[in-house]
Amino acid sequence: IYKLVYKLWMMLGMRSVGVVREVLLLVVVLLFTCLEHNVEAQVSRQPNIVFILADDLGYGDISMYPNPSTTRIYTPNLSKLASEGMTFVDAYAGYSISAPSRYTLMTGYHTGHHDVLSKSPLLQNNSTTVAEILKKAGYTTAAIGKWGLDGNYDFPQAPGDGFPTKQGFDYYFGQSDETQCYNYYPSFMFNNTKNMTISDNVDASDFSCGFDHVNCNWSGDIWASEAVNYVQSQANNQNANNSAPPFFLYLALTAPHAGAVGTATESGVPVPRVHKGPYGNETWPTVEVDFATAVYEVDALVGKVVNAIDAGHIDKNTLILFASANGAHNEGGHNYLFFNSSGFLNGYKRSIHDGGHRSAFIARWRGTVAANVTSWQQFAFYDFLPTAAELAGVDPKLLPNNIDGHSIAKTLINGTETQPKFIYHEFDGCFDPVCVLHPKLDCKFGQNIRMGNWSGVCVGPSYPCNGKAPGYMFLYDMSIDEGQTNDISLNYPDIVSELLTIMKQQYNKKWAVPR
């Protein structure tokens, strides 16, 4: 702009100041008009969308995110992905445990608008998922890995209404049951709707799998291989046929969630190749060596999928997203403080403070998403559906009724940050640091509202969370207190009242009704 204005100034002469001002105004208007058209043009290209989801990965477990610990876990592939794209520092999962968080990712609703703790499958035959929305735009869709939204599958059986292929996915390969995914070496998986035996994992145990589990097949390796094959197939199809449809791939990993070998107990983090990895010779507790290796292995699997996208020459038309289903875990003998897995955040998995549900979030789309950029755009998992829909050119009228999410497509395209009015979270039976520090508090229920730089955290015995004893309402200024350590609720009663009103309004389990 400056160069253009300078040239105009020289051409028109100093005496033509008024003319130059008018031309400058015209240039600025045209610039923003072109920018807006550029956004629309790029959105209309219908990018492939690949969403890779880890489980129980802490905000501070990835090496490019802030962490006061001097003992960091090496994640070179995620660091490279971030350097080639956009790193979000104010992104949130949908819940502070796995399955409800995945529900928000698939549906565009936050958990205040659905009974996410129901024993029935979280997705029903009248649910609308992001996969179904993208199929309306001509996408082919695939889900690989951990699903967790269709009830329990302790043994091979027929899938229910919440199964991926009944929720908009053309193809599914993985473990549908939430709990059975904790078995890192399962004896069966679903190949679409058919049960497939993993012969190397039949009667798997630490003894039968051998040193570093070399005799068995880790679910993460199986899923990564399947994802790479899927990407290669889609790339070949698109390179051979200009009219080939775009694809949506959802790859959900179990690691570094606690797990076991041959059972669904949470007794460690039994990934393979521990002694061949970078931490095999460390003198840390065994479970922490395993945990660090699990994070390293997740990073390696991400690298394999990204490399397949790049090698297939579809990187300039593929949006890659990476996140974690919730905050750092403190299970299976692992101590989340060992690596300061929550970074500077307060709390961990199941906490209603940010350590329970703030997520690392990285986006790469070569040539479209700016490289090596940090974004403070606030984002929650329920924003993914409207974002994907806008990028795919879906008519907003086709989105689910009363959707909670808002699109961040323009943030991805040109860095424009349009913050939501608020981000909502809740948790029943929260395990929160404030409840440890204040044992008189009754923490059976918790709600969290992020509104701009304000963060309100309310705990209490039940809904409504009114901030009164035996509960309490905490207020934090996130611009100066990201760790949520300084409660200033007594100083801002009007803000507290506003946040409590929003919390009451957002807890409505009958909200997410189908059209």
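This is a predicted model, so every value here is computed, not measured.
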Problem set entry | Non-neighbouring partners of D404 that pass side chain to side chain donor-acceptor pair (under 3.5 Å), sequence neighbours left out | H113

Exercise. By side chain to side chain donor-acceptor pair (under 3.5 Å), which residues pair with S479, not counting sequence neighbours?
Worked result: D477

Problem set entry | W147: partners by ring pair (Phe, Tyr, Trp, His ring centres under 6.0 Å), with sequence neighbours left out | F169

Seminar exercise, completed: With sequence neighbours left out, the residues meeting ring pair (Phe, Tyr, Trp, His ring centres under 6.0 Å) with Y59 are Y65

Problem set entry | With T265 via side chain to side chain donor-acceptor pair (under 3.5 Å) - residues at least two apart | T263

Exercise. Got a sec, which pairs hit salt bridge (charged side-chain N to carboxylate O under 4.0 Å, His left out) with one end in residues 71-82, sequence neighbours left out?
Worked result: K80-E84

For this session: Could you list the residues that satisfy disulfide (SG to SG under 2.5 Å) with C181, not counting sequence neighbours?
Result: none

For this session: Please list, chain by chain and in numerical order, all residues satisfying side chain to side chain donor-acceptor pair (under 3.5 Å) with E417, sequence neighbours excluded.
Result: S375

Problem set entry | ring pair (Phe, Tyr, Trp, His ring centres under 6.0 Å) involving Y92 - partner list, sequence neighbours excluded | H357, H425

Problem set entry | Pairs satisfying ring-ring contact (aromatic ring centres under 6.0 Å, His included), at least one member in residues 72-91, at least two apart | F88-F361

Problem set entry | Summary of salt bridge (charged side-chain N to carboxylate O under 4.0 Å, His left out) pairs that have at least one residue in residues 276-294, sequence neighbours excluded | none

For this session: State which residues pass ring pair (Phe, Tyr, Trp, His ring centres under 6.0 Å) with Y279; sequence neighbours excluded, sorted by chain then number.
Result: W284

